[in-house]
Structure formats: C-alpha cells, structure tokens
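Accompanying notes for the structure given below.
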Amino acid sequence: MKGIESVRGYQEEIIEAIPSTIIVVNRSLEVLYANRNYYAKSVAKRERDVLGERLSRVIPPMLIEKTGIIDKIREVFLTGVPFDGDQIRYPGGMFYFYKIYPLKEDEESISKVVIFMENITELTRLEEELRESYVKLENAFAELKENDAIKSEFISTASHELRTPITVINSYIEMFEGGMLGELSSVQREKIEIISSQIEHMIRLVEDMLDVSRLESKALKINKYPIWVDDIARKAIDDLSRLAGLKEQSMSLTIEGSHSDVEGDGRRIKQVFNNLLTNAIKYTPEKGKIEVIITDEPEDVCVSIIDNGIGVAKKDQHRIFEKFYTGSGSSLTRESGRMGLGLAIAKGIIEAHEGRIWVASEIGMGSTFIFTLPKKL
Amino acid sequence: MKLLIIDDAPEMLRAFRDILEAYGCEVYVAENGEEGLARYTEVMPDVVLMDILMPKLDGISATKKILEMDPSAKIIVISAVGKSGLDNECLLAGAKKFIIKPFKIKELLSSINSLVAE
C-alpha cells in the first residue's frame with residue numbers, strides 16, 4: 001500500500017492545514033476555492049465574498065501587477081506546463097514566492113489551475129543575514145590570515161637578525177673559555193659559564209622561533225631516510241640524563257618488537273624526543289619517574305613518554321599543541337624560559353612524517369604523550 | 001694562512017678578525033660583495049668566508065664572480081638565513097661549504113683547515 005492510500009479521505013483537512021495560501025481558479029480566472037490560510041491572511045474573511053469572484057478582485061492589485069500572474073496563469077492553461085515558481089519583492093520589504101500548477105481533467109483539457117503562494121519574508125531576511133555574516137566572516141578571516149602572515153614574517157626576520165649578534169657573543173665566549181684573552185680566575189670562569197649556558201638557551205629559543213615560522217610557511221624540510229627510532233630515543237635520553245639527574249628523576253626505555261622499518265628525518269625526530277622529554281622533566285617533581293616505551297603496531301611504530309608529574313587539565317589538552325600556548329593560567333603566572341613552542345614544533349614534525357601525536361593525562365596523575373610514525377610497508 | 005672575510009656587519013668582521021688572528025691567521029675584510037671582489041684579486045686569500053645578504057653585491061653572486069676569476073677559489077658561505085634550499089643554491093654557485101650562524105669557532109676552524117688541506 002502506498003503511503004498516500006492511508007490519507008485518502010483526509011485531503012480536505014490536510015489542504016486546509018497547509019500554512020501556504022492555495023487558490024484554485026477556472027479558465028475564466030474565477031476563484032473556485034481558497035484555503036483557510038488565504039482567509040487568515042486577506043481582508044475578505046468570508047467564502048461568499050470570494051468564490052466565483054475574478055482572481056484580480058480577491059488578491060491585492062499590487063501583487064497582480066508585480067507578478068504578472070494573470071498572464072502566467074493563461075500560459076499554464078495554454079501549455080499545460082507548470083510555472084515553477086518565482087520570488088517577488090513587495091513594497092515594505094515583504095517577499096512572496098508563488099507557483100502555478102495545472103489540474104488536468106484528462107490528457108487534453110485543463111479546466112483549473114492551482115496557485116500556491118507563500119510569504120517568505122522571514123526566510124529571505126534570514127538568508128540575507130546569513131549572507132552578510134558570511135561576508136563579514138570572510139573579511140575577518142582574510143584579515144586574520146594577513147595578520148598571521150605579518151607575525152610569521154616578523155618572527156622569521158627577528159630570529160634571523162638575532163643570529164649575527166649571538167654569533168659574535170658566542171665567539172668571544174669561546175675565546176674567553178679557550179684562554180685566548182688571558183687566564184681567567186675561577187670566579188670569572190664561573191660567570192662566563194653562566195653567560196655561555198644562557199646564550200645556548202637563547203640559541204634554542206631562536207631555533208624554535210625559526211622552526212615555527214618554517215612550519216607555518218610549510219618550509220620545514222624533512223629529509224627521509226631509514227631511521228632507528230630505538231637508537232634516537234636512547235640518544236635523547238642520554239643527552240637529557242644530566243638534566244633529569246638534577247631533579248633525581250629516573251628515566252627508563254622499554255623497547256617492544258623491532259622498529260627498523262621507519263623512514264624519517266632523524267635529527268627532527270630527535271628534536272621531538274628532546275621537546276617531549278624536556279617537558280616531562282620540567283613538569284615532574286623531584287624523584288619522579290619518566291618512562292619511554294616504544295611498541296610495534298601493525299602500521300606504525302608507537303612511542304609513549306610517560307611521567308608521573310603534575311599532568312595536563314582536560315580543557316588544556318587539545319590546546320597545548322598550539323604555538324605560544326603555555327597553559328590556561330594568566331600570562332603572568334607562566335613559567336619563564338619557554339615560549340610554548342616545543343609541543344607545536346613536535347606536532348609539526350610528527351605530522352610532516354604523516355604520524356599523529358596526542359596526550360592522555362589527568363591533573364596530578366601524570367601525563368602520557370604518544371606519537372606514531374608510519375612504517376614503510 | 002690568508003683569509004678574506006666578506007660580511008656587512010662590522011661587529012661580525014671584528015669578531016672574526018679577533019678570533020682568527022688569535023689562531024694565527026692573516027685576516028682581510030670587506031663590507032660587501034663588490035669590495036670583496038676587489039680585495040680578492042689584491043690579496044688572493046687561501047679561504048673566503050662569505051655572508052649572503054649584503055648591499056651592492058650579494059654573497060651568492062659574489063661567489064660566482066670570484067670563481068669566474070679564480071676557479072680554484074675556496075669559499076665558505078656563512079649565513080644567518082636558514083631558508084631551506086639556500087645551502088644547495090650556494091653549493092651550486094660553487095661554494096665549498098655552507099655554515100649557519102650561530103656556529104662554534106672550532107667547527108669553523110676545522111672547516112677552514114679541511115679546505116686548505118685539500
């Protein structure tokens with residue numbers, strides 16, 4: 001049984017309930033029927049004022065003139081082809097939409113047409129609002145992109161410009177340290193070491209800034225060749241063991257399976273380990289535990305860096321990979337010595353390798369940073 | 001050993017001079033590519049240290065011009081610009097090495113020494 005069968009006998013109720021105006025006219029353009037919506041919307045409230053009247057007398061002259069509806073109805077009678085709708089603007093900002101359908105007695109003759117008419121003012125207004133909002137949004141987006149480009153350009157220029165003075169300072173530090181500018185007293189030597197380590201830190205910040213601008217301009221160069229993730233992890237842990245030692249933290253490496261079928265940029269992957277491990281050391285209290293576990297998945301090599309430190313709040317977990325994000329606290333409480341670039345760079349590098357990176361964490365329960373590198377299949 | 005350093009930052013020239021002289025090198029300097037070309041023919045150095053971004057004549061063009069005059073010239077490009085592809089561009093122009101600032105003096109010295117030993 002077709003759905004329509006189940007409503008046979010209810011046509012009248014259904015037509016009367018339709019919230020559009022429906023008018024049926026004959027060939028002489030006399031009104032045979034108008035639905036309840038018509039009476040609700042027009043001045044003529046009674047059927048006897050409407051039925052048998054010419055259409056031009058029961059709908060507003062303005063509408064007749066604007067739509068040229070009389071000609072269109074004649075056309076439908078003549079051709080039997082429905083008039084599939086048009087939108088008209090009415091003075092006072094009203095919008096109407098109307099359609100004309102022939103009601104065929106048989107294949108040959110048409111004795112009636114039905115006119116549907118709908119007030120679409122609200123819809124049109126919403127549409128216009130939407131269009132305006134869209135234009136505004138597009139403009140704002142273009143402006144934002146331009147600002148971002150200016151900012152990236154600035155970061156790139158600034159980090160380049162810093163390189164020459166850093167090189168000059170570094171060179172003289174090396175001369176002092178090498179005793180080329182005379183023997184240093186132990187106090188002098190100690191201070192030079194402080195300057196030296198701070199310059200090293202500054203170099204890392206400049207490198208990070210440059211990496212971020214490279215990531216943004218898609219200019220980060222990834223040289224792919226076979227790499228051994230296990231060895232890179234071992235080397236990274238080794239390099240940072242002194243730093244972890246200062247906080248009496250333990251660092252361990254667990255390797256499950258063999259991971260020889262990964263291609264990537266070893267120097268960049270080392271940088272990812274470096275950034276993640278440095279964070280782990282930083283955000284894990286003294287005597288804490290940092291574990292690196294490398295596992296073999298069907299399509300990836302999966303690296304987990306697990307600490308039992310302060311953890312990352314749920315609301316921060318998706319944002320910590322954004323550049324310059326240093327936690328949801330105010331900028332005054334942020335820790336010094338970091339620009340919020342380490343994770344953004346790590347993410348950029350991993351994604352350039354077609355891998356994924358994410359964090360699982362709970363406040364006070366430590367964090368697990370996980371990244372994957374696709375295997376060469 | 002005679003070194004010619006071409007860099008438009010006077011502080012950088014001064015630092016290069018201080019250090020390399022301390023290592024017993026004979027140091028000559030020029031503040032742009034054009035001046036560098038003139039100094040090269042005058043001095044005929046063993047190794048040239050060349051900056052890239054300089055007024056008048058940039059480091060890559062200067063490298064090409066020096067090599068036109070003296071195909072055996074040994075040029076190390078030292079740049080603050082870490083733009084990807086730039087190292088290749090310099091090597092294609094005929095430079096022997098590409099070093100990015102900041103660098104360790106020891107690295108620079110070993111690069112110079114290995115070039116001279118060639």
Side-chain angles (χ1 to χ4, degrees), chain A residues 152-153 155-183 192 195-224 265 267-268 271 345 348-349 352, chain B residues 3 5-25 27 29-32 49-55 58-60 76-91 97-113:
Chain A
S152 299
E153 179 64 31
I155 292 174
S156 168
T157 309
S159 49
H160 282 141
E161 289 302 320
L162 283 168
R163 282 166 176 256
T164 296
I166 287 175
T167 307
V168 172
I169 296 169
N170 230 2
S171 305
Y172 285 114
I173 291 172
E174 275 190 66
M175 287 185 81
F176 273 116
E177 285 177 336
M180 294 160 78
L181 299 169
E183 268 314 303
I192 287 286
I195 297 175
S196 175
S197 82
Q198 289 304 296
I199 282 287
E200 285 296 326
H201 186 62
M202 202 158 142
I203 291 171
R204 278 196 301 276
L205 293 177
V206 168
E207 290 296 333
D208 279 0
M209 275 160 66
L210 206 61
D211 277 345
V212 159
S213 70
R214 283 191 192 120
L215 281 172
E216 284 182 345
S217 60
K218 313 257 180 265
L220 188 83
K221 217 163 88 183
I222 297 290
N223 299 309
K224 283 197 178 177
D265 190 322
R267 194 175 67 87
R268 290 298 186 183
Q271 195 180 356
I345 292 169
I349 292 171
Chain B
L3 298 177
I5 301 157
I6 308 173
D7 195 313
D8 66 330
E11 307 78 14
M12 198 63 235
L13 287 179
R14 177 70 200 271
F16 272 131
R17 183 193 281 280
D18 282 346
I19 291 157
L20 297 169
E21 281 181 354
Y23 278 100
C25 302
V27 176
V29 298
E31 290 197 8
N32 60 59
L49 304 184
M50 176 86 76
D51 188 18
I52 294 187
L53 295 178
M54 289 184 293
D58 69 85
I60 294 176
I76 299 176
V77 174
I78 298 178
S79 177
V81 186
K83 207 172 76 184
S84 69
L86 200 62
D87 45 354
N88 270 333
E89 207 180 321
C90 291
L91 298 178
K97 281 202 158 68
F98 182 81
I99 298 178
I100 291 183
K101 291 177 189 172
F103 51 83
K104 292 272 179 207
I105 298 297
K106 290 190 186 84
E107 291 166 30
L108 177 65
L109 284 172
S110 77
S111 292
I112 292 173
N113 287 330

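Chain identifiers are assigned alphabetically (A, B, ...) following the order of the sequence lines, protein sequences preceding nucleic acid strands; residue numbering begins at 1 within each chain.
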| request: For residues H160(A) and A80(B), report the shortest heavy-atom separation together with the two atoms involved. | output: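 The pair with the smallest heavy-atom distance is CD2-O, 2.9 Å.
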
| remark: Taking every heavy atom of T167(A) against every heavy atom of P102(B), the minimum-distance pair comes out as OG1-CA, 3.3 Å

| Do any of residues 104-111 of chain B come closer than 4.5 Å to chain A, heavy atom to heavy atom, and if so which ones, in number order? | K104(B), I105(B), K106(B)

| Which members of residues 9-19 of chain B, sorted by number, sit under 4.5 angstrom from chain A on a heavy-atom basis? | A9(B), E11(B), M12(B), R14(B), A15(B), D18(B), I19(B)

| request: Check side chain to side chain donor-acceptor pair (under 3.5 Å) between E207(A) and all other residues, then give those that pass, not counting sequence neighbours. | output: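 With sequence neighbours excluded, E207(A) shows a side chain to side chain donor-acceptor pair (under 3.5 Å) to R163(A), given in chain and number order.
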
| query | Atom OG1 of T164(A) and atom NZ of K101(B): how far apart are they, to the nearest 0.5 Å? | reply |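 Separation between the atoms: 3.0 Å.
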
| said: So for atom CD, which belongs to E200(A), do other residues, nucleotides or ligands contribute more than 12 heavy atoms lying within a distance under 6.0 Å? | reply: yes

| Which residue pairs satisfy the salt bridge (Lys or Arg N to Asp or Glu O under 4.0 Å) criterion with at least one member in residues 166-180 of chain A, sequence neighbours excluded? | none

